[in-house]
Amino acid sequence: MRDYQKIAEEISEGYKNYSGLIGILWIGSSAFGINNNEADIDIRLLVDRSEKVNPMKQFTKNGIQIEVDEMGWQWLTQNLSPDSDQRWIREKSVILYDPENKIAGKFKQLAAQVKKEIKIQLWQFFKDTFYSNEIDKCLKRNDRETTNLYFYKSADSILKFIFLYHDQPVPPFKWRWHFLIKDKLLSAQMIKQLQEIILNSRLVETKLKTLIAVEKDFQRLMIKKGYKPEMVREHWRF
């Protein structure tokens, strides 16, 4: 097991006098517990300016790929969308340097605000998981290409909804399935259904039946969350 924390801290020491620096973050896969040959260390120098002064630096230390780059404070703190990359960074990164406690304080404040946004927007994210109607129309038109695109879109929306339903930030695309399994956000049956939708490339009609089953499962989840059944089960959905 590599000591990513120690290496990240050592690297950050060399940037504490960086021009316009607010603080230093450690983001990326190694920051949230991935430890393998592909995991690298991504350091972000938080600065209060919109334009970069220095280009990204990439190098190797102890056999690990290192990336150091600037990150704008406004970019990181102004987006309150529950499924944004900014939210993931704010809630999952490691603060390596925060001399005035500005970063930790702001992140805590924004996390509370985002939770309010989730309550408002969860209904919209729920609606975004429903694509069975469109898929059915595509099948009737024998438009297989668009059918498959809708399946991919549906799977992506479903994964986002799952994290938001559990009041968690949405991981970067390449880590969504990893954290879905790691954090046990769905039952074994629903995970199997999602695998059917994502992996089965031949039996389109079977995939559609599975998708409809997932949609109905999500309706039950929303009722359990406190949404009115008559709202969740609107007749036009199926």
Side-chain angles (χ1 to χ4, degrees), residues 28-29 32 34 36 38 79 81-89 91-92 114 117-225 227-238:
S29 56
F32 50 76
I34 305 299
N36 55 39
E38 286 71 44
N79 189 331
S81 177
D83 64 331
S84 66
D85 291 339
Q86 289 92 326
R87 183 194 176 197
W88 174 262
I89 293 171
E91 297 189 23
K92 293 295 184 178
V114 168
E117 290 293 320
I118 291 175
K119 292 180 180 179
I120 295 171
Q121 295 188 23
L122 186 61
W123 176 254
Q124 183 60 50
F125 287 117
F126 167 67
K127 290 171 65 176
D128 287 344
T129 66
F130 286 79
Y131 288 104
S132 57
N133 276 333
E134 297 299 332
I135 291 172
D136 186 51
K137 293 175 184 177
C138 289
L139 286 175
K140 290 176 180 177
R141 292 195 298 264
N142 198 29
D143 185 352
R144 295 289 172 135
E145 290 79 10
T146 306
T147 296
N148 283 310
L149 289 174
Y150 266 117
F151 274 123
Y152 288 125
K153 188 173 183 179
S154 181
D156 186 53
S157 298
I158 286 169
L159 289 175
K160 286 183 179 182
F161 170 81
I162 292 167
F163 288 98
L164 294 171
Y165 181 86
H166 290 282
D167 292 336
Q168 294 192 21
V170 178
F173 184 80
K174 65 179 178 179
W175 294 114
R176 286 176 194 166
W177 191 264
H178 171 86
F179 282 101
L180 170 72
I181 303 300
K182 177 179 178 294
D183 295 338
K184 300 178 181 179
L185 300 183
L186 283 180
S187 67
Q189 178 185 352
M190 291 188 72
I191 288 173
K192 186 176 180 180
Q193 290 173 325
L194 279 179
Q195 288 174 324
E196 169 72 24
I197 293 169
I198 295 169
L199 299 177
N200 190 335
S201 60
R202 296 181 180 179
L203 302 177
V204 178
E205 288 76 10
T206 300
K207 286 174 64 172
L208 178 56
K209 291 180 181 178
T210 303
L211 176 59
I212 292 173
V214 170
E215 292 172 348
K216 290 181 178 179
D217 284 335
F218 276 21
Q219 289 177 323
R220 286 188 281 271
L221 286 177
M222 289 294 278
I223 293 171
K224 185 178 179 181
K225 198 82 166 176
Y227 286 81
K228 295 180 180 179
E230 58 268 27
M231 290 177 59
V232 171
R233 293 173 176 156
E234 290 177 348
H235 68 279
W236 51 266
R237 294 209 179 281
F238 300 100

Run R87 and E91 through salt bridge (charged side-chain N to carboxylate O under 4.0 Å, His left out) and show every step you take. CA-CA 6 Å; R87 183 194 176 197; E91 297 189 23; 2.9 Å; yes
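- The backbone N or O of D143 lies less than 3.5 Å from a partner atom in the side chain of T147, making a donor-acceptor pair.
- No donor-acceptor pair closer than 3.5 Å links the side chain of T129 to the backbone N or O of F125.
- Within the model, atoms NZ of K127 and CD of Q121 stand 12.5 Å from one another, a figure rounded to the nearest 0.5 Å.
- Summarising the geometry, atom OG belonging to S132 is positioned 14.0 Å from atom NZ belonging to K207; distances are rounded to the nearest 0.5 Å.
- Classified by interplanar angle (parallel below 30°, tilted 30° to 60°, perpendicular above 60°), the ring pair F179/W88 is perpendicular.
- A heavy-atom distance below 4.5 Å is not found between the side chains of V232 and F218.
- Between the E215 side chain and the Y131 main chain, a donor and an acceptor come within less than 3.5 Å of each other.
- Considering only heavy atoms from C-beta on, Q189 stays 4.5 Å or farther from L194 through its side chain.
- The structure places NZ of K92 at 9.0 Å from CZ of F32, a figure rounded to the nearest 0.5 Å.
- Across all non-hydrogen atoms, the minimal contact from P171 to R176 is O-NE, 3.0 Å.
- Using a 4.5 Å heavy-atom cutoff, the side chains of E205 and L208 are not in contact.
- From L221, atom CG reaches atom NZ of K224 across 7.0 Å, with rounding to the nearest 0.5 Å.
- The shortest distance between side-chain heavy atoms of S187 and I191 does not fall below 4.5 Å.
- No side-chain heavy atom of L185 sits under 4.5 Å from any side-chain heavy atom of Y165.
- In this pair, F126 and W123 present their aromatic rings tilted. The plane angle is within the 30 to 60° band.
- For the atom pair CZ (F130) and CD (Q219), the distance works out to 4.5 Å, reported to the nearest 0.5 Å.
- In this structure, CG on L180 lies 8.5 Å from NE2 on H166, to the nearest 0.5 angstrom.
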What verdict does the side-chain contact (heavy atoms from CB on, under 4.5 Å) test give for F161 and M222, after you've listed the backbone C-alpha separation in whole Å, the side-chain angles of each residue and the deciding distance to 0.1 Å? CA-CA 11 Å; F161 170 81; M222 289 294 278; 3.8 Å; yes
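- The existence of a salt bridge linking K140 and D136 is confirmed by a sub-4.0 Å separation between a basic side-chain nitrogen and an acidic carboxylate oxygen.
- Residues I198 and F151 have side chains not in contact (no heavy-atom distance under 4.5 Å, counting atoms from C-beta outward).
- In this structure, the side chains of L139 and I135 come closer than 4.5 Å at one or more pairs of heavy atoms.
- Under a 4.0 Å N-O distance rule, the pair K153/D156 does not qualify as a salt bridge.
- Judged by distance alone, with hydrogens and angles left aside, the side-chain atoms of Q193 form no donor-acceptor pair with the main-chain N or O of L211 at under 3.5 Å.
- Within a 6.0 Å sphere centred on NZ of K225, other residues, nucleotides and ligands contribute more than 12 heavy atoms.
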